[in-house]
Amino acid sequence: VQLQASGGGLVQAGGSLRLSCAASGGTLNTYAFSRNALSWFRETPGKERLFVATISRGGDTTYTDSVKGRFTISRDDAKKTVYLQMNNLKPEDTAIYYCAARSTILTIPSETLRQRAFYDNWGQGTEFTVSS
C-alpha cells in the first residue's frame with residue numbers, strides 16, 4: 001500500500017491550502033482503509049518530524065496547539081484519502097508535510113496517535129512555502 005501526498009506549493013501568509021494523501025495499491029479496499037488512524041506530520045531542515053494533526057478511524061481529531069483553529073483534518077474513506085485544510089497560513093507553517101497511516105483494531109489514545117513511531121506507513125511528503 002502506498003500513500004501519495006499532494007497539494008504543496010507557494011502561498012502567501014494568510015492564505016489557504018489543502019493537502020491530500022491518497023492510498024493505493026495492495027489489497028487495500030475501502031473497509032481496510034477505514035480501519036486506519038491517519039495523521040499529518042511536518043518537518044523542516046535540521047529538525048525532527050513533528051505531529052500536526054490526526055484523525056482516528058472513528059473520526060475523532062486532535063491537533064498540535066500551533067494549528068488549532070486554522071487546520072482541519074478530514075477523511076473520505078470511499079476515496080481512501082485524508083485531507084489537511086490549512087487556513088490563515090503563517091510563514092512558520094513552511095515545511096515538508098508527511099501523511100502517515102496505521103491500521104488499528106482497538107481505540108488508540110490520542111497521545112499515542114501523536115507519536116511518529118506509532119505509524120508504519122508513510123507518504124513521500126509534499127512541500128509548501130508560506131511567504132510573508
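Since the model is a prediction, treat every value here as computed from it, not as a measurement. Values reported hereafter were calculated over all heavy atoms of this structure, with side chains retained and with hydrogens, waters and symmetry mates removed. We number each residue from 1, following the sequence as shown.
- Taking the side chain as every heavy atom from C-beta outward, Leu89 and Leu17 approach each other to under 4.5 Å.
- Cation-pi geometry between Arg49 and Tyr98 is met: the NZ or CZ atom falls under 6.0 Å from the ring centre, inside 45° of the normal.
- Between Asp60 and Ile55, the closest side-chain pair of non-hydrogen atoms is not below 4.5 Å.
- Between Tyr97 and Phe71, the two ring planes are tilted [angle within 30° to 60°].
- For the pair Asn88 and Arg70, the tightest heavy-atom approach, listed with the atom from each and the gap, is O-NH1, 3.0 Å.
- Side-chain atoms of Leu10 and Phe128, non-hydrogen and from C-beta on, never get closer than 4.5 Å to each other.
- Annotation for Cys21 and Leu3: closest pair SG-CB, 3.7 Å, computed over non-hydrogen atoms.
- For Gln115, the CD atom counts as densely surrounded, since its 6.0 Å shell holds more than 12 non-hydrogen atoms of other residues, nucleotides or ligands.
- When all heavy atoms of Arg35 and Ile105 are compared, the pair lying nearest together is NH2-CG1, 3.3 Å.
- Annotation: cation-pi pair Arg116/Phe51 absent, no NZ/CZ under 6.0 Å from the ring centroid and within 45° of its normal.
- Taking the side chain as every heavy atom from C-beta outward, Arg57 and Asn36 never approach each other to under 4.5 Å.
- A salt bridge links Asp65 to Lys68: one of the charged nitrogens lies within less than 4.0 Å of a carboxylate oxygen.
- For Arg75, the salt bridge (charged side-chain N to carboxylate O under 4.0 Å, His left out) partners at least two apart in sequence or on another chain are Asp77.
- No side-chain heavy atom of Arg18 sits less than 4.5 Å from a side-chain heavy atom of Met86.
- The shortest distance between side-chain heavy atoms of Arg42 and Leu84 does not fall below 4.5 Å.
- Residues Thr62 and Ser110 come closest through the heavy atom pair OG1-CB, 3.6 Å.
- Considering Thr54, Thr81, Val82 as possible partners of Leu38, the one that fulfils the side chain to side chain contact (heavy atoms under 4.5 Å, CB included) test is Val82.
- When every heavy atom of Cys99 is checked against every heavy atom of Ala5, the shortest pair comes out as SG-CB, 4.2 Å.
- For Ser34, the side chain to side chain donor-acceptor pair (under 3.5 Å) test picks out no residue, with sequence neighbours left out.
- Side-chain contact between Val52 and Val67: present, with at least one pair of heavy atoms (C-beta onward) separated by less than 4.5 Å.
- Under the 4.5 Å side-chain criterion, counting only non-hydrogen atoms from C-beta, Tyr63 is in contact with Thr72.
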